[in-house]
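This report refers to the structure that appears directly beneath it.
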Amino acid sequence: MRATEPLTDEERALLTKVCRILNEEKTIPCTACGYCAGHCPMSIPVPEYFRIYNEYLRYPDEDWKIKPVYESVAEKRSRASDCIACHICERNCPQGIKIAEWMKKIAGGLEEMV
């Protein structure tokens, strides 16, 4: 590894391309820190649902394996549709994600699949 050498122009261009591709994705930018879920009065496992939904967005044709994962989490915990939009989770999210809005989308997308 060349930790002390600067990046080449080719390496910079590749990193710029990767950043552009990642920024164009329509996925939820959650880092799964869990600050939101720890404050949810409905005990919704927000980071888990974000992870599952991101998988669904990236691979919509693979819903056959995403459905059982969502149902398994939903059976043990609250469903995305249980969100009461109190926004407590959002006040604790370091990324500033509009969690209540995403919960509606997740409920409409994943719960309709199952």
Side-chain angles (χ1 to χ4, degrees):
M1 185 168 183
R2 308 171 324 177
T4 58
E5 296 179 31
L7 296 175
T8 65
D9 289 341
E10 183 179 311
E11 291 168 330
R12 270 196 200 90
L14 181 60
L15 286 174
T16 300
K17 182 178 179 180
V18 168
C19 288
R20 189 175 343 99
I21 291 168
L22 290 174
N23 287 331
E24 288 172 357
E25 281 197 21
K26 302 298 180 211
T27 57
I28 307 164
C30 176
T31 61
C33 67
Y35 296 150
C36 55
H39 294 89
C40 178
M42 301 305 291
S43 299
I44 296 173
V46 176
E48 288 182 63
Y49 286 152
F50 282 178
R51 180 185 52 77
I52 295 167
Y53 195 66
N54 280 343
E55 186 81 5
Y56 170 67
L57 292 174
R58 287 185 181 115
Y59 308 104
D61 295 336
E62 297 182 12
D63 61 338
W64 59 272
K65 69 179 181 181
I66 297 168
K67 290 178 195 181
V69 174
Y70 178 79
E71 256 324 290
S72 175
V73 174
E75 285 176 12
K76 296 175 189 146
R77 312 276 301 273
S78 297
R79 303 179 74 77
S81 59
D82 292 333
C83 177
I84 58 173
C86 66
H87 304 281
I88 293 171
C89 54
E90 294 175 5
R91 290 194 293 270
N92 290 285
C93 177
Q95 281 78 253
I97 298 169
K98 301 291 185 202
I99 297 170
E101 290 176 24
W102 280 109
M103 285 296 114
K104 285 181 190 173
K105 290 178 185 178
I106 291 169
L110 296 179
E111 290 182 15
E112 287 181 16
M113 282 194 317
V114 292

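Rounded to the nearest 0.5 angstrom, Leu57 CG and Ile28 CD1 are separated by 6.5 Å. Rounding to the nearest 0.5 angstrom, the gap separating the CZ atom in Arg91 from the NE2 atom in His39 is 10.0 Å.
In this structure, the side chains of Arg77 and Ile44 stay at 4.5 Å or more apart for every pair of heavy atoms. Under the 4.5 Å side-chain criterion, counting only non-hydrogen atoms from C-beta, Tyr56 is not in contact with Tyr70.
At distances below 3.5 Å, not a single donor-acceptor pair connects side-chain atoms of Ser72 with backbone N or O atoms of Pro68. Looking at Arg79, its side chain never comes within 3.5 Å of a backbone N or O of Ala107 through a donor-acceptor pair. With Gln95 contributing its side chain and Cys30 its backbone, the two residues share no donor-acceptor pair below 3.5 Å. In this structure, Glu48 contributes its side chain and Val73 its backbone to no donor-acceptor pair below 3.5 Å. No side-chain donor-acceptor contact under 3.5 Å links Thr27 to the backbone of Asn54.
Looking at Glu101 and Lys104, no side-chain N of the basic residue comes within less than 4.0 Å of a carboxylate O on the acidic one, giving no salt bridge. Under a 4.0 Å N-O distance rule, the pair Lys76/Glu71 does not qualify as a salt bridge.
Using the six-membered ring where Trp is involved, Tyr53 and Trp102 have ring planes that are perpendicular, over 60° apart on the 30 and 60° scheme.
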